[in-house]
Amino acid sequence: MPNLPDAVLWSVPAFVLLTVVEIVSFLVHPDEEEQGYAGKDTATSLTMGLGSLVTNLGWKIPAFALYNLVYALTPLRVPVLWWTTVPLMLLGQDLCYYWSHRSTHRVRLLWAQHVVHHSSRHYNLSTALRQPWTDLTFGVFYLPLVLLGVSPAAVAFCSSVNLVYQFWIHTERIDRLPRPLEFVLNTPSHHRVHHASQGGYLDRNFGGILIVWDRLFGSFTAEGDRPVYGLTKNITTFNPLRVATHEYAAIGRDLAAARNWRERAGYLFRGPGWQPADLTERQASTQEARVAA
């Protein structure tokens, strides 16, 4: 199995340097329409990023155990050749990332891990570092690559390259790139839409490196109105542990209030915000009973 570098770890100094440069840019050339930086918010994002470097080591164990098992069973082997197969591996990984990312917005249990990344009301390079501390997908979306003979080490390398690419698109300091690049690549403009909380922007632009997947699968929206960042129901805490777990706690409360297994399954596997059709009526009846009492 090839020995490939972890692009994320190698890029940490660049992350820090570019974040400092962006902070200085706001001090030198402030923009009233842009969110910029806020001390507590930035500290939380950095803490979440550092914490994810530690917690992700544990979540990778079952993923790589599964990868190695599948890789041992498949007869296919794809050699790591930098000028041919690596670009194809990156393309395949980016397609798998699209569906993985899309699923974390459409399945509430998976949203509980990903919501961390969307929890800031600011949009800057530090937001890119606000990463979850859990990973309930266990890498299953990348299993097709392993089945095709891509080594687990190569899958990990491509994933780290994808994550590094997405760092620079978390900024308001870059408006739009030339149209050919905007058509093919995921850019700051496209990703600002993804982080917006307005109704027309919700659950759009899931791509990692390429935006062509969104164009192909009907999830693309171009940036128009200025995005409002954060969640549809924002959290009011900067406590990293609460940021990492608040949606899991909300799921727990909903499961405790559910009347049957169908509702419990809905709270876990339907989209964020799903509720039983008669929930409003039930809540109104409960309120009336309390008033009458």
Side-chain angles (χ1 to χ4, degrees), residues 1-12 47-78 80 86 89-90 92-119 128-166 206 208-209 240-252 255 264-265 267-272:
M1 192 172 295
N3 184 19
L4 298 170
D6 186 332
V8 173
L9 291 179
W10 279 94
S11 300
V12 168
T47 302
M48 299 304 299
L50 291 172
S52 71
L53 293 177
V54 177
T55 59
N56 282 349
L57 293 176
W59 292 99
K60 287 178 179 178
I61 293 174
F64 272 93
L66 180 61
Y67 287 174
N68 285 317
L69 174 62
V70 173
Y71 190 65
L73 294 175
T74 181
L76 303 175
R77 289 293 183 270
V78 178
V80 178
V86 168
M89 290 176 187
L90 285 169
Q93 191 277 337
D94 199 52
L95 175 59
C96 294
Y97 173 84
Y98 170 85
W99 288 109
S100 175
H101 191 187
R102 186 165 177 165
S103 74
T104 62
H105 281 254
R106 300 296 175 84
V107 178
R108 190 183 180 194
L109 184 60
L110 301 184
W111 172 246
Q113 70 187 41
H114 185 61
V115 68
V116 171
H117 185 59
H118 287 263
S119 61
L129 305 178
R130 186 178 286 227
Q131 295 294 320
W133 290 357
T134 56
D135 184 5
L136 301 183
T137 64
F138 297 106
V140 295
F141 286 91
Y142 304 103
L143 277 180
L145 296 176
V146 182
L147 281 169
L148 290 172
V150 178
S151 72
V155 173
F157 171 74
C158 291
S159 296
S160 67
V161 170
N162 198 310
L163 193 59
V164 168
Y165 175 87
Q166 292 185 57
F206 298 109
I209 296 174
L241 185 59
R242 291 183 62 191
V243 171
T245 61
H246 72 273
E247 185 63 16
Y248 291 112
I251 290 175
L255 291 177
R264 295 185 185 97
Y267 282 127
L268 287 172
F269 302 114
R270 288 180 178 265

Are the side chain of [X] and the backbone N or O of [Y] linked by a donor-acceptor pair below 3.5 Å?
X: Gln113; Y: Leu136; value: yes
X: Arg77; Y: Leu148; value: no
X: Ser100; Y: Cys96; value: no
X: Trp59; Y: Trp133; value: yes
X: Thr74; Y: Val70; value: no
X: Thr245; Y: Tyr248; value: no
X: Asp94; Y: Ile209; value: yes

- Query: Going through the distances and angles, do Val80 and Met89 end up as a side-chain contact (heavy atoms from CB on, under 4.5 Å)?
  - Reply: CA-CA 9 Å; Val80 178; Met89 290 176 187; 4.1 Å; yes
- Message: Could you walk me through whether Val161 and Leu90 satisfy the side-chain contact (heavy atoms from CB on, under 4.5 Å) test, starting with their C-alpha distance in whole Å, then the side-chain angles of each, then the deciding distance to 0.1 Å, before giving a yes or no?
- Response: CA-CA 8 Å; Val161 170; Leu90 285 169; 3.9 Å; yes
- Aromatic ring pairing His105/Phe206, orientation class (parallel under 30°, perpendicular over 60°, tilted between): perpendicular
- Message: Would you call the rings of Tyr97 and His101 parallel, tilted or perpendicular, taking 30° and 60° as the class edges?
- Response: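 Tilted: the ring planes of Tyr97 and His101 meet at 30° to 60°.
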- Message: Could you work out, with ring pair (Phe, Tyr, Trp, His ring centres under 6.0 Å) as the rule, every residue matching Phe64, not counting sequence neighbours?
- Response: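 For Phe64, the residues satisfying ring pair (Phe, Tyr, Trp, His ring centres under 6.0 Å) (neighbours in sequence not counted) are Tyr67.
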- Message: Heavy-atom count check: over 12 atoms from other residues, nucleotides or ligands less than 6.0 Å from Arg264 CZ?
- Response: yes
For the [atom1] atom of [X] and the [atom2] atom of [Y], what is their distance to the nearest 0.5 Å?
X: Ser103; Y: His114; atom1: OG; atom2: NE2; answer: 9.5 Å
X: Thr104; Y: Phe141; atom1: OG1; atom2: CZ; answer: 8.5 Å
X: Ser160; Y: Leu4; atom1: OG; atom2: CG; answer: 8.5 Å
X: Arg108; Y: Glu247; atom1: CZ; atom2: CD; answer: 4.5 Å
X: Leu147; Y: Leu145; atom1: CG; atom2: CG; answer: 9.0 Å
X: Tyr71; Y: Leu143; atom1: OH; atom2: CG; answer: 14.0 Å

- According to the salt bridge (Lys or Arg N to Asp or Glu O under 4.0 Å) rule, which pairs have a member within residues 130-157, sequence neighbours left out? Asp41-Arg130
- Return the minimal non-hydrogen interatomic distance between Ile251 and Ala112, and the atom names on each side. CD1-CB, 3.9 Å
- Message: For a quick test of reading the model, state the closest non-hydrogen atom pair linking Pro5 to Trp10 and the distance between them.
- Response: CB-NE1, 3.7 Å
- With a 4.5 Å limit on heavy-atom distance, are the side chains of Thr134 and Thr55 in contact?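 With C-beta onward as the side chain, the pair stays apart.
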- Residue pair Met48 / Val243, side-chain heavy-atom distance below 4.5 Å: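 They are in side-chain contact.
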- Query: Do Arg106 and Phe269 meet the cation-pi criteria used here (NZ or CZ under 6.0 Å from the six-membered ring centre, within 45° of the axis)?
  - Reply: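 Ring-cation test returns no.
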